[in-house]
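A short write-up of the structure that comes next.
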There are 2 protein chains.
Amino acid sequence: MNFCQACTVRNRAICADLDEDEIGLLNNIGRPMHLEQGERLLWEGEDAVLVANVVEGVMKLSAQTADGKEQILGLVYSSDFLGRPFGQTTPYGAEALTKTQVCVFPRGEFDRFAREHPRLEHKLLERTLTELDRTRRWMLLLGRMNAEQKLASFLLETADRLAPDACGPFGEGAPRMLTLPLSRQQIADVLGLTIETVSRQFTRMKNEGLVEVLGRREIAILRRDALEARTR
Amino acid sequence: MNFCQACTVRNRAICADLDEDEIGLLNNIGRPMHLEQGERLLWEGEDAVLVANVVEGVMKLSAQTADGKEQILGLVYSSDFLGRPFGQTTPYGAEALTKTQVCVFPRGEFDRFAREHPRLEHKLLERTLTELDRTRRWMLLLGRMNAEQKLASFLLETADRLAPDACGPFGEGAPRMLTLPLSRQQIADVLGLTIETVSRQFTRMKNEGLVEVLGRREIAILRRDALEARTR
DNA sequence: CGTAGAATTGATTATTATCAATCATCGTGG
DNA sequence: CCACGATGATTGATAATAATCAATTCTACG
């Protein structure tokens with residue numbers, strides 16, 4: 001059974017540059033897997049036994065301080081790669097934030113395949129470099145922004161990264177609806193804040209007419225430009 | 001003139017797995033370059049025109065918020081790689097913190113060479129993955145640690161990364177001397193703090209007998225275990 | 001409906017930033 | 001070689017921001 005042929009991220013994930021033969025081989029190594037919201041795929045500090053492509057859904061990567069405070073290290077969207085190839089231990093936990101479809105590979109076999117297929121390694125390198133850039137930009141947010149700047153940045157980035165799934169009226173001026181893949185607590189864990197501070201910032205932005213808070217997870221961005229100004 | 005033959009990081013940098021012929025080719029692309037303390041090699045947001053290996057010295061990667069606050073995104077030590085291959089713009093500035101010896105490559109030529117030499121790309125991938133892990137660990141520090149935990153973590157990591165150059169008596173119990181490659185302000189910029197807060201934490205650690213502050217940049221770690229406890 | 005978990009709101013505290021002044025260190029030139 | 005000045009570091013006082021603690025209030029779901 002070749003799952004790759006029907007794969008919706010076949011042309012966006014790291015497998016994009018492989019030819020049919022190669023995809024066939026990779027297909028034999030990987031297997032599709034479904035995760036319910038809240039299910040974990042990786043545990044911080046454990047042996048790096050597997051890596052994966054996210055096909056559908058959103059996952060979080062996270063670590064904890066010794067006293068149990070969580071920090072979300074990254075969000076992984078569809079077509080993104082997940083896990084630590086060429087390494088002994090997984091330096092973070094990975095948990096599904098929504099119903100998620102992944103394509104899982106045993107790490108050892110994936111590593112071997114990657115070393116034998118430079119086009120795959122190249123894609124993986126490009127992705128890793130992009131992810132490193134994104135992570136470093138997030139450091140600027142964590143280290144030097146206040147709560148308002150953090151939340152504004154988060155909303156804008158989330159809107160962009162969810163863009164492919166966006167629905168509703170498009171074009172300039174139209175409010176941008178989004179369904180957040182995170183709870184308030186999780187947003188706090190992304191931004192290095194507490195849930196109360198996040199909540200207060202939402203209230204403030206709502207009162208100032210920047211966003212509309214419809215449900216717990218339904219947000220409309222009313223004034224993108226004003227929100228961008230708040231990131232600065 | 002083949003500089004690589006005399007290169008002190010020949011076996012540790014990304015060139016480690018190349019054979020003599022390949023090194024010869026790479027040698028033709030790169031050229032050695034000296035940087036004085038404070039000299040810049042890359043500017044945030046500019047075109048990515050070059051990449052480099054650090055041969056000797058320490059450099060910082062940094063970005064700024066719109067209102068000019070700086071955040072150091074990473075420190076680059078000898079044998080580390082620097083710059084953004086396969087990308088249009090350099091997402092951070094790079095500046096020498098000490099007298100530094102680098103080996104610079106025009107990005108376009110480096111990219112081409114890398115694509116043609118999978119062993120180099122593989123080394124680069126491993127390094128990028130390691131750097132991503134390190135950066136993510138730093139996110140936990142920035143997002144969830146207090147000033148004391150941050151400074152303790154910084155001192156321990158710096159001691160480790162400077163270890164090859166360490167001098168003085170070794171072994172358990174012996175104080176670990178280190179020459180910080182950063183000013184107090186730069187330490188603050190690494191940790192997402194102000195210079196005053198960093199200074200106060202140093203004073204506190206000194207008073208508690210964890211470290212000795214000899215000169216502005218000379219620190220002795222007196223009780224590593226106690227310092228480790230402060231990171232938690 | 002009623003309930004449990006999530007989110008919001010309010011009051012207070014803690015931590016760190018900011019502002020201001022003083023002190024130390026290092027390099028320089030007399 | 002020493003005094004001086006400049007820069008960097010420390011210290012102190014105060015303010016701002018976000019964390020913490022403590023109720024409510026939503027709202028999604030059985």
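Any value given below was found using the heavy atoms of this structure, including those in side chains, with hydrogens, waters and symmetry copies removed. To find a chain, count down the sequence lines: A is the first, B the second, and so on, and within it residues start at 1.
Rounded to a whole Å, the CG atom of A:L182 is 15 Å from the C1' atom of C:dA7. Spacing between atom CD of A:E196 and atom C1' of C:dA14 amounts to 14 Å, rounded to whole angstrom units. As rounded to whole Å, 20 Å separates atom P of D:dA15 from atom CG of A:N146. One interatomic measurement links the two molecules: NZ of B:K150 to C1' of C:dT15, which rounds to 11 Å at whole-angstrom precision. The nearest whole Å value for the distance from the CG atom in B:L193 to the C1' atom in D:dA18 is 15 Å. The separation between B:R184 atom CZ and D:dT11 atom P is 10 Å, rounded to whole Å.
Under 3.5 Å, the side chain of B:R217 and the base of D:dG8 form no donor-acceptor pair of N or O atoms. The base of D:dT20 is paired with the side chain of A:R200 by a donor and an acceptor separated by under 3.5 Å. Within 3.5 Å, no donor on the side chain of B:R204 pairs with an acceptor on the base of C:dT16, nor the reverse.
Residue B:T194 is in base contact, counting any heavy-atom pair closer than 4.0 Å across all strands shown. Counting any heavy atom pair closer than 4.0 Å across all strands shown, A:R216 reaches a base atom.
Between the A:T231 side chain and the A:A152 main chain, no donor and acceptor come within less than 3.5 Å of each other.
Looking at B:T179 and B:E218, their side chains do bring a donor and an acceptor atom within 3.5 Å of each other.
The 5' end of DNA chain C is approached more closely, in terms of each residue's nearest nucleotide, by A:T197 than by the other of A:T197 and A:R144.
With salt bridges taken as basic N to acidic carboxylate O contacts below 4.0 Å, none links B:R40 and B:E46.
Within the model, atoms CG of A:L151 and CG of A:N146 stand 10.5 Å from one another, a figure rounded to the nearest 0.5 Å.
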